[in-house]
Each structure stands twice: as C-alpha cells, then as structure tokens.
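Notes for the one structure printed next.
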2 protein chains.
Amino acid sequence: MVKMRDVAKLANVSVATVSRVLHNPETVKEATRKKVLSVIDELNYKPNMLARQFRRNETNIILVVVPSIMNTVFSGIIEGIEYEASRHGYRVLLGNTNRKVENEYDLVELLKKRQADGMILLSERMDSNDIKSLSEEYPLVLATAYIEGLKVPSVSIDNVSSSREAVEHLIRLGHKEIAHITGPLQFGISKGRYKGYKQALMQNNLEVRNMLVQEGDFTFESGYNQMLKFMAIEKTPTAIFAANDEMAMGAVKAVKEFGLNVPRDIAIVGFDNIAFSSKFDPAITTVAQPLFEMGQKSMKLLLQQIQGKPILKSQYILDCELIVRDSCGGKGKEKVLNENIST
Amino acid sequence: MVKMRDVAKLANVSVATVSRVLHNPETVKEATRKKVLSVIDELNYKPNMLARQFRRNETNIILVVVPSIMNTVFSGIIEGIEYEASRHGYRVLLGNTNRKVENEYDLVELLKKRQADGMILLSERMDSNDIKSLSEEYPLVLATAYIEGLKVPSVSIDNVSSSREAVEHLIRLGHKEIAHITGPLQFGISKGRYKGYKQALMQNNLEVRNMLVQEGDFTFESGYNQMLKFMAIEKTPTAIFAANDEMAMGAVKAVKEFGLNVPRDIAIVGFDNIAFSSKFDPAITTVAQPLFEMGQKSMKLLLQQIQGKPILKSQYILDCELIVRDSCGGKGKEKVLNENIST
DNA sequence: TTGAAAGCGCTAACAC
DNA sequence: GTGTTAGCGCTTTCAA
C-alpha cells in the first residue's frame, strides 16, 4: 500500500507538504504542488482514510437511521439529506432498523464510537429520555417525528392541521359521515392525524362518533380490515380519511369487494403521497409532505451542530399539500372551486 | 473522553491488559478481568473505533450499493445480507446511488479508502472492466446481476429460464398472441428475460413477432405506453409478459382505460414480485426471486473473501418461483392442473 | 499472566 | 513555503 511517505520521498518533499497539497493546496508553491500531484497520480496514492479519520477524529459520514427502506416517504427525505450532505462534503450512509428498537440502539453505538459525525433519526422508537441525552452529547436531528416538550432539534410536519385540511376537503364535498382509520395510537403522528380529523368535524358542527374511528397499523391489510368494519355499520360512512396511503388503498379494496365504487359510493383520502398512490386505481387523494425539503432542512440543522454553530431555532414544522386525485371524487369540483375563487 | 489509559490507570493494570480483556479475555486472570470490566463500566468507557480501525486496518462494515432504496427487490436482498452479516459481527451500511454511475464510483472510493471491509453491488452500472479490477483488489460481490465471462463472485437468478416459465404458463392457458415489454436492453437482466420469452415461444412453435416486442424502461409509465402501442395493433395480443411488475401494472392501467378487463380480455404477467403486486387490482401474477437467500449467499461469498478463504465456486444462480395471482387468469386453471398432476 | 514499547498513517503546531 | 516532529488511541510483539 503506497502511503504518504512514499509520495513525499519520490517528490523530494516532506510528508507535511504532501498533506498540504491535499488539504490546503493554496499554501504550497505551484511548482511543488504540481510535482506532488503528479507523483500522487503516478503512484496512484489513495490516502488512508482510517488514519485520517483517527487523527482528525471525524469521518465525514452522516448516519441516517431508517425504520424501513421500503417506504417512499423515507426515501424522499433521504434524497434531501443526500443533496445537502454532498454539498458539504459529507457522505450519507443508511442504517436500516426494520422497525426494531434494538437495531436503533445498535446504530446509536456507531455514533458513540465515532463511526459517524452525526445522525438523523427517521423514526421515534427509542425511549425519549435516551434520545434526549444522546442529543446532548452528539449531533442529532429527528425528522418526521418530534417529541413534544423535548428540545431536540427536529424537522416535522404539522400532522394536525394537514389532516384537518384533508378532512375539510371531504366536508366541502358534502360528506357528513366521515370515518377515520388511525395509525397505531402510541405514535405521535397517528395521534396528530386523529386530532386533525376531530378538529375538522367539530369546526363544522359534525359529531365525532366513536364507531367511525378505528385503529389500524399503517398496513394495507389493516386498512382493508377496518374498512370491513365500517361497511358493517348500519349507516355506512360516505367518506374515509385514512392515516396513510397504504391503509387508504386497503380500504379501497374492501369497498370494491362490496361491489361499490370509489369515489362514487365512498370517498377515500390517504396521507403521505407514496409513489404508488398515483398509480393505484383509483388514484389516491392524499396529503404530500415536503420530503426533500424536510431532508435538506434536517441536514442543515445537523451541520450546524457538527460545526458547533449556535442553533437559534431547533424545531421546524413544514407545510404539507393536499393532492386531489380520483379517490375522493373532488377532482372536478375542486377545479370549479378554484376557478370560482380566482375569478 | 475516557480512553483506555484511564481505565488502565484506575484498574492498576497496563493498557495492554485492558485491550486483552476486550479481545482475548481468556488470556487474562479472572480477578484482573473482573477488575478491568468493572472499571470500564464505572467510567463508561467506549473504545475509540477510529483508533481501533486504524490500527487493525478493518472496519467491520459492509457497504451495500443500491441503485434505489425505493425498490422492494433490493430491500428483500438487503434483509438477507443484514441477517448473515450480523451473525458474523459485521454491520451493513447502505449507499444509495439513485441509479447514477458517478455515485457508484463515488461509493467505491469508500472501499478503496478502507471505510468498509467489503462491498456488495446491487447494480451493474459501472464499466465491467472497472468492476473486474476492483474485484481483484478488494472483497466484492455482485448480486442480482452477473457479468458474463467475468469471474467476479456473484449471485443471481436465471432470468432466461424463469421468464421462459412465466411465458409458458401463458401458453398453457391457451394464449398464442403473447407480447413482451422488455426492460432497457442494455441491461443483462432485460436481455435475459427477453431471451426467455423468445425461447418459450419457439419451443411451442409460436412465431416471435417483432411488433409484439416493445422496449420499456422498467417504469410504470413505460408499461402503460408500450401497452397502448399493443392496443393499436390490428390483432391485439391476448397476453403480455412484462419484464417487471411496475410495467405490468402500467400495462393493466392501459387495458382498463380501453374498457377491457384483465385477465378476461388480456392476461398480464410481471416479474419481481414487488410488495405492491399482491395489492394491485388485479393482483399481479409474477416471478418471485429468492431475495433473502440471494442476500445471504452474497454475504457469505463476501465473508469468504474478507477472511481470505479460497473461493471454490464463485458464481451462484438461484431458482425463481412463478407466483400465480389474478392478472393472468390462470389461478383456477392452474389449480386444476396441479390436481391433475398430483392424482 | 502481565507490562513496556513500537508503531499504524496521518495532521498540525512550530520552527526555520 | 517547507520541514521536523509529536502525537491521535489502540493493538500486538517481545520480554519478563
């Protein structure tokens, strides 16, 4: 393995000069620099990063912890992280937890052992006290989640208001019997989306009925199963707000199996705008999070910490957008509505 | 930061002994070992991995290069890799290339700079000569792809025979006008699947007609567009074999838009068995790769290289399975067929 | 069974 | 502008 000393020897300079050529080329006389560079090329010298990292005590690696790599929401955020990271010379590596807390704790060890300069968590499985104390010692950002009351830098969306908007859209379309399939209610995002649903109903003087709220677990199957329950109610709801797209699609499947049509008989709205939502039949009306932006913002927050800059504002909440497609039956009407407004 | 020296001092031993307790505990007297361990605990000592890695010139990290993290095929393989890696004390980190060669080359640098002990490539974008020379210098395994004629350790499936099987299934169902939507033909897997399609037709004395083969790019949209072309042919094909599930779903969409029914009017078969295939309406008949097994096998091959063991066999080709669902119209019939065979 | 000590390859403070 | 040199924290050989 060719090392810096070899380059130095052949170029008739000291190792310090070689190091300078690599990191502060402007401090080296042009002739020397060219000489060194040509020798580096000639010997095909690759700096030993392990040595460098050890010496400087930094890796230029950002660890992103994802609960699942199959989810397009996460990949959208990751794109934003990667974009911002590479602009600053950082490389992003992904640690997959498969939704298991122990893997999350395992990946945290990488950070503690300095295998990464910082970490972005795309999940909130760990105990919040652990997250807090981790955050006090290491650069850390939470994305998609944020732990109330905890001053951990985080980037998230307002699940409450964006869900409210989605449900209000259904109300504006004339629906009065609107059901909700929630996510697992131990998660903050599920609670938030549920809250938004209730707010929309209450603000429009509609009753929040227990029977019209069922807890799912974010899977297609659970959407299907909970929809089956709604179909069994005597006065079947005319619209469904599902806490994510997968469940919305599962609900659609159940409706179809009853020989009914979405959106004609039952309107359905999801959340997340996963890649498949637009390809589903019918295309799912849903709430899109600003994924790229969230990733970018998270990375910026992380960089501030790594660079030891003071963080003026550490909690960011970004805006979502309602994407009206076919499953809610409001596409044409929405257009008319917009035109009315704009005229 | 508490370091080994601190532990040594407090435990009244040398740093060497502390190091031994960590790596070869059996070589240390029990009393000493216990003492050291308690001090480690007391001081909450975490070894500096950067120093360790530098010294031992190894990271215990496996880098998996994925073209896209959104794809359930890749995540399936990764699960297998992770399983096998963790059994041997290795950690898996993912590098996302977003299907860009330059990112692939970029990640290779991590390997060259010893940021990872080995690498598994889940894509074949790089120049095959580069892959070859990389493989000569570093532990490397190709999964899902394999480069013909090149002795790079690889794990793949037989795209030809499994595609042949899929098309033969359609033939057995009575179809004679079977079209094929290929992947980008510069990729080995696309060529293989195309080849399997042709073999099936020829072996059954069916004509391979140029008009019935269109090149897609593995996206939903391309499946849709190519299907539109088939619909425009005077004698519309009665069955379609798409080189992946996304294109198969796109094709379904096109058929539906013509007011036709899948599978009644046109049967469609995909490839990959992505997570969504079973949820699509109709559920897609497809070819499933043994993803977990592929990942596991790849990791085993990589470990052999890392440990410097001789590799007896370096190219593995695993079996696929045809999953008959609704989109081919062969579900019931297949059952009858099986029963006939089994009786 | 334990300790002393020599580096691993690089960076950066300091001297010239 | 460039060279000398002292480590970074750990592992491992050698000697005791």
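Chain letters run A, B, ... following the sequence lines, proteins first and then strands; every chain starts at 1.
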- Aromatic stack F54(B)/dC10(D): centroid gap under 5.5 Å, interplanar angle under 30°: no
- Query: Expressed in angstrom and rounded to an integer, what is the separation of N57(B) atom CG from dT12(D) atom C1'?
  - Reply: 15 Å
- Round to the nearest Å and state the distance from N48(B) atom CG to dC8(C) atom C1'. 14 Å
- T17(A) side-chain N/O to dT2(D) phosphate OP1/OP2 under 4.0 Å: no
- To the nearest angstrom, how far is E30(B) atom CD from dT1(C) atom P? 11 Å
- Query: Taking NZ, NE, NH1 and NH2 as the nitrogens, is one of them in E109(A) or K46(B) under 4.0 Å from a carboxylate oxygen of the other?
  - Reply: yes
- Query: Separation of M49(B) atom CE from dC8(D) atom C1', in whole Å?
  - Reply: 16 Å
- Query: Do the side chain of R20(B) and the base of dG3(C) come within less than 3.5 angstrom through a donor-acceptor pair of N or O atoms?
  - Reply: yes
- May I ask you to evaluate whether R52(B) reaches the phosphate of dT11(D), defined as a side-chain N or O under 4.0 Å from OP1 or OP2? yes
- Distance-only side-chain donor-acceptor flag, T59(B) / Q115(B), under 3.5 Å: no
- Message: Can a side-chain donor-acceptor contact be found between S154(B) and Q315(B) if the only test is distance below 3.5 angstrom?
- Response: yes
- Please figure out whether V28(B) or M4(A) has its closest DNA chain C nucleotide nearer the 5' end. V28(B)
- Query: Quick one: which of dG9(C), dT11(C), dG3(D) gets closest to the side chain of V13(A)?
  - Reply: dG3(D)
- Query: Starting at NZ of K112(A) and ending at C1' of dG9(D), how long is that distance when rounded to a whole Å?
  - Reply: 20 Å
- Whether Y83(A) and F292(A) hold their rings parallel, tilted or perpendicular, with breakpoints at 30° and 60°: tilted
- Task: Over all heavy atoms of both residues, which pair between L107(B) and M119(B) is shortest? Give the atoms and the distance, please.
- Result: O-SD, 4.4 Å
- Message: Looking at dT11(D), I'd like to know if its phosphate oxygens (OP1 or OP2) sit under 4.0 Å from a side-chain N or O belonging to S19(B).
- Response: yes
- Message: Measure NZ/K29(A) against C1'/dG3(D) and give the value in whole Å, please.
- Response: 14 Å
- Task: Measure from NZ on K9(A) to C1' on dT2(D) and round the result to the nearest Å.
- Result: 19 Å
- Task: Report yes if a side-chain nitrogen or oxygen of Y45(B) is closer than 4.0 Å to either non-bridging phosphate oxygen (OP1 or OP2) of dC10(D); otherwise report no.
- Result: yes
- Query: Is K3(B) near enough to dG9(D) that one of its side-chain N or O atoms lies under 4.0 angstrom from OP1 or OP2?
  - Reply: yes
- Among dA6(C), dT4(D), dT2(C), the one nearest T32(B) by side-chain distance: dT2(C)
- Query: When the distance from CG of N12(A) to P of dT2(D) is rounded to whole Å, what number comes out?
  - Reply: 13 Å
- Query: Quick one: is dT2(D) close enough that its OP1 or OP2 comes under 4.0 Å of any side-chain N or O from T27(A)?
  - Reply: no
